[in-house]
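Remarks on the structure that follows.
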Amino acid sequence: MVLSANDKSNVKAVFGKIGGQAEELGAETLDRMFHAYPQTKTYFPHFDLSKGSAQVKGHGKKVAAALVEAANHVDDIAGALSKLSDLHAQKLRVDPVNFKLLGQCFLVVVASHHPALLTPEVHASLDKFLCSVGTVLTAKYR
Amino acid sequence: MVHWSAEEKQLIAGVWAKVNVEECGAEALARLLIVYPWTQRFFDNFGNLSSPTAIIGNPKVRAHGKKVLTSFGEAIKNLDNIKGTYSKLSELHCEKLHVDPENFRLLGDILVIVLASHFGREFTPACQFAWQKLVGVVAHALARKYH
């Protein structure tokens, strides 16, 4: 799937508006994912996943930063996330299905915090963007 | 039979009581057709679906969205027998409508996003869990009679 010029512009616009709260949104995305899809917790047996966990906040910050990075290099997401892609393939090996779940929760977070921002067209672009990120991160799995 | 905790039932009912079925249904279906354009394949006779604006304004989309979400309401009234509630609809979607069940999952996820956009903070993680569970159960029930 290819991001059109319109998609890229929509993605940049969204992250331009939410980039400042990326950490907070990243943490909430993870929190929602662990709640809505408990199987995702299996990747974090070493984490304290209770409410307000510093580890979840820290990890949310990392996830958000990666999304921001991808948005800032939306013309070359594969290049921007190359090292992360290696990490996921060699070490983390998160099953590909989970990126969709994370994506869903990120969209829910954006929708609940910025409903006016998430018009149907922007929703479509963001969904495509998140799919692309997931594809890049799992590209080297086999 | 699916088990629903008292809390889950409360979270579902609490949100549902405030949902404008017509608006929400129309929005969810429109977003499905916009975000996943291949789903338009089932709606050749709906007229103009050529752009997001056309889709959102399309009266057939609105009407059908309302129909779909109204049916959802039946599941909510019968949480303890969603399978039974959707038995005939499942046969219909398989035998007459030929809809890939994956589409039920897509629509369910979109509905959750629409609810989040309407309810904001009130749509807590616990709330999202209950609703993701509900849309999953509905999707499963609608796929159950496929053969």
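Chain letters run A, B, ... following the sequence lines, proteins first and then strands; every chain starts at 1.
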(message) Donor-acceptor pair, distance only, cut-off 3.5 Å: does the side chain of A/S50 make one with the backbone of A/S53?
(response) no

(request) Tell me, for A/K100 versus chain B, whether the close heavy atoms (under 4.5 Å) come from the side chain, the backbone, both or neither. (result) side chain

(request) Before accepting this row, confirm whether a basic side-chain N of the pair A/D127/B/R31 lies closer than 4.0 Å to the acidic partner's carboxylate O. (result) no

(message) Using a 4.5 angstrom heavy-atom cutoff, name the option from B/I55, B/D109, B/I34 with the most pairs to chain A.
(response) B/D109

(message) Given 3.5 Å as the limit, does a donor-acceptor pair link the side chain of B/N78 with the main chain of B/E74, or not?
(response) yes

(request) Any chance you could measure B/F104, atom CZ, to B/L142, atom CG, to the nearest 0.5 Å? (result) 5.0 Å

(message) I'd like to know which of B/K133, B/E27, B/Q132, B/H118 tops the heavy-atom pair count under 4.5 Å against chain A.
(response) B/Q132

(request) Name the region of B/I56, side chain, backbone, both or neither, that has any atom closer than 4.5 Å to a heavy atom of chain A. (result) side chain

(request) Tell me, out of A/Q104, A/H113, A/K128, A/E121, who's got the most heavy-atom pairs with chain B below 4.5 Å. (result) A/Q104

(request) Under 4.5 Å heavy-atom distance to chain A, tell me which part of B/F119 shows up: side chain, backbone, both or neither. (result) neither

(request) Against chain A, label B/T124 side chain, backbone, both or neither, depending on which of its atoms sit under 4.5 Å from a heavy atom there. (result) backbone

(request) Determine, step by step, whether B/E23 and B/R62 satisfy the salt bridge (charged side-chain N to carboxylate O under 4.0 Å, His left out) criterion, reporting the C-alpha distance in whole Å, the side-chain angles of both residues, the deciding distance to 0.1 Å, and the verdict. (result) CA-CA 8 Å; B/E23 285 307 319; B/R62 288 193 71 84; 2.9 Å; yes

(message) Which atoms of A/S125 are under 4.5 Å from chain B, going by heavy atoms: the side chain, the backbone, both sets, or neither?
(response) neither

(request) Take B/R105 and B/D100, measure what salt bridge (charged side-chain N to carboxylate O under 4.0 Å, His left out) needs, and give me the verdict at the end. (result) CA-CA 10 Å; B/R105 288 178 260 285; B/D100 178 347; 5.4 Å; no

